[in-house]
Trainee: 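To start, I am sharing the structure in question, which I have written as structure tokens.
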Amino acid sequence: MENYYEKEQHITAAFSDRRCELDVYHATLLFQDVMTELFHQYQCDAVRLSKTHAAVWAVARSKIRYLGMPLWNERVRVRAFPVKVTSVTIHINIQVETLEGEPLLLCRQELCAIDVNDHSLRRVESTPFPRDLSLLPPVMTEPFQRKKLALGEENLAYRHIIRTSDTDMNHHMNNAAYVRLLLDAFPSEFWDEHPIRAFDIHYINEGQEGEEIAILQDCQGKDLDFQVKSGDRTLIKAHLELGEGQA
């Protein structure tokens with residue numbers, strides 16, 4: 001059985017920001033697609049899994065490292081592959097590279113299976129995911145950011161009510177929608193002056209349609225921290241490593 005998924009990707013307008021680059025929001029969308037296609041070849045993508053085993057895959061953590069910048073109208077190669085499987089988590093790596101093999105983006109993700117009825121954690125063995133794969137060595141070994149955050153009203157960037165277009169098939173706020181909200185916390189000029197070199201996000205609790213959430217931020221030099229809350233409940237934490245000048 002194939003232990004990776006690979007495809008050539010055209011960076012179209014659908015995967016480009018206002019600077020015609022694959023920013024972290026559009027990269028997250030691309031990685032969602034590629035992760036889905038990886039699991040589809042094992043006949044356990046979230047859509048199929050929800051119907052056959054009453055479970056869906058949820059991304060618990062994701063980390064992206066920029067080595068180069070994919071641009072609009074470029075063609076790149078994207079490869080996704082599992083690197084570690086435990087009783088309750090699947091760890092995958094995703095690499096975006098030029099067609100000549102030069103790495104541009106590296107990503108590591110930690111996923112788990114969630115029961116669609118009671119939202120409890122499911123064991124990987126309760127899904128059709130193959131446990132006998134020959135796992136490939138990781139290309140992304142940077143640890144996830146594990147930073148305690150306690151941001152408050154003094155850190156408020158703005159508030160947002162979760163709308164229909166923010167949600168996904170799991171009926172909660174889509175992973176990429178959080179990333180879009182984080183970028184909207186600052187004007188375009190900020191991101192022009194502080195390109196993102198690394199992006200680390202931890203999905204903690206689900207956000208539901210109709211909830212009002214607070215986007216909180218704290219910027220200290222090249223370190224930018226975000227915390228999104230619904231009342232006292234933390235939904236996500238994120239850490240960005242910023243650069244200087246044009247990316």
Side-chain angles (χ1 to χ4, degrees), residues 14-15 17 23-36 39 45-47 49-50 54-64 88-90 92 94 107-122 144-187 191 196 198-219 224-240:
F15 290 105
D17 65 3
D23 65 345
V24 292
Y25 168 62
H26 292 91
T28 301
L29 291 174
L30 174 60
F31 294 157
Q32 282 186 340
D33 285 350
V34 174
M35 183 266 287
T36 299
F39 281 77
D45 56 273
V47 174
L49 192 65
S50 66
V56 293
W57 298 108
V59 178
R61 297 179 184 270
S62 183
K63 188 180 187 75
I64 299 171
V88 293
T89 59
I90 297 175
I92 68 171
I94 305 172
C107 174
R108 61 176 300 194
Q109 291 187 336
E110 179 182 309
L111 301 100
C112 53
I114 302 295
D115 191 279
V116 298
N117 296 311
D118 61 14
H119 294 213
S120 61
L121 190 64
R122 292 271 294 270
F144 291 113
Q145 181 72 223
R146 299 182 185 275
K147 185 176 183 180
K148 292 184 178 180
L149 289 179
L151 303 185
E153 285 296 312
E154 69 278 9
N155 302 104
L156 180 67
Y158 68 103
R159 299 183 186 277
H160 175 79
I161 296 177
I162 300 176
R163 305 294 190 185
T164 301
S165 61
D166 294 320
T167 61
D168 57 20
M169 64 167 288
N170 300 332
H171 303 291
H172 58 67
M173 189 150 176
N174 183 267
N175 291 350
Y178 285 108
V179 180
R180 173 170 44 82
L181 294 187
L182 302 188
L183 296 180
D184 285 345
F186 290 91
W191 300 114
I196 298 171
F199 178 80
D200 195 308
I201 187 166
H202 180 193
Y203 299 97
I204 302 171
N205 287 299
E206 300 174 351
Q208 305 290 337
E209 183 176 352
E211 277 190 284
E212 181 179 83
I213 58 178
I215 293 83
L216 311 170
Q217 62 82 19
D218 180 45
C219 189
L224 175 56
D225 292 314
F226 281 104
Q227 190 171 7
V228 175
K229 290 183 174 182
S230 174
D232 294 330
R233 191 168 58 104
T234 297
L235 304 183
I236 67 104
K237 296 189 297 183
H239 175 80
L240 285 69

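In this chain, numbering begins with 1 at the start of the sequence shown.
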Trainee: Hey, which of Thr28, Asp166, Asp23, Asn174 is the one that makes side chain to side chain donor-acceptor pair (under 3.5 Å) with Arg180?
Mentor: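 The side chain to side chain donor-acceptor pair (under 3.5 Å) with Arg180 is passed solely by Asp166 among Thr28, Asp166, Asp23, Asn174.
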Trainee: What's the verdict on side-chain contact (heavy atoms from CB on, under 4.5 Å) for Phe199 and Lys63, showing C-alpha distance, side-chain angles and the deciding distance?
Mentor: CA-CA 6 Å; Phe199 178 80; Lys63 188 180 187 75; over 6 Å; no
Trainee: For side-chain contact (heavy atoms from CB on, under 4.5 Å), just list the numbers for Phe31 and Ile64, CA-CA rounded to whole Å, side-chain angles, deciding distance to a tenth of an Å, and then say yes or no.
Mentor: CA-CA 10 Å; Phe31 294 157; Ile64 299 171; 3.8 Å; yes
Trainee: Only counting residues at least two apart or in another chain, list the ones meeting ring pair (Phe, Tyr, Trp, His ring centres under 6.0 Å) with Phe144.
Mentor: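 None.
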Trainee: How far does NE2 of His171 sit from CD of Glu206, to the nearest 0.5 angstrom?
Mentor: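 The distance works out to 11.0 Å.
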Trainee: Minimum heavy-atom separation for Leu182 and Phe226, please, with both atom names.
Mentor: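 Closest heavy-atom pair between Leu182 and Phe226: O-CZ, 3.4 Å.
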Trainee: Checking Ser230 against Glu212: is there a side-chain donor and acceptor pair closer than 3.5 Å?
Mentor: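 There is no such pair (donor and acceptor under 3.5 Å, judged by atom type) between the side chains of Glu212 and Ser230.
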Trainee: Spell out, as yes or no, whether a donor-acceptor pair under 3.5 Å connects the side chain of Gln227 to the backbone of Leu216.
Mentor: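 Checked: no pair found.
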Trainee: Just checking, is any N or O donor in the side chain of Asp225 or His239 under 3.5 Å from an acceptor N or O on the other one?
Mentor: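 There is such a pair between these side chains.
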Trainee: Do side-chain atoms of Trp191 reach the backbone of Leu183 as a donor and acceptor pair under 3.5 angstrom?
Mentor: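 Flag set: sc Trp191 to bb Leu183 pair under 3.5 Å.
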Trainee: Taking NZ, NE, NH1 and NH2 as the nitrogens, is one of them in Lys229 or Glu211 under 4.0 Å from a carboxylate oxygen of the other?
Mentor: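 Salt bridge absent between Lys229 and Glu211.
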Trainee: Do you know which two heavy atoms are closest between Ser50 and Val116, and how far apart they sit?
Mentor: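 Scanning both residues completely, I find the closest heavy atoms to be CB-CG1, 4.3 Å.
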Trainee: State the CD1-OH distance between Ile201 and Tyr178, to the nearest 0.5 angstrom.
Mentor: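 Here the rounded value is 8.5 Å.
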Trainee: Just how far is it from atom NE2 of His119 to atom CG of Asn170, taken to the nearest 0.5 Å?
Mentor: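 With rounding to 0.5 Å, NE2 (His119) is 7.5 Å from CG (Asn170).
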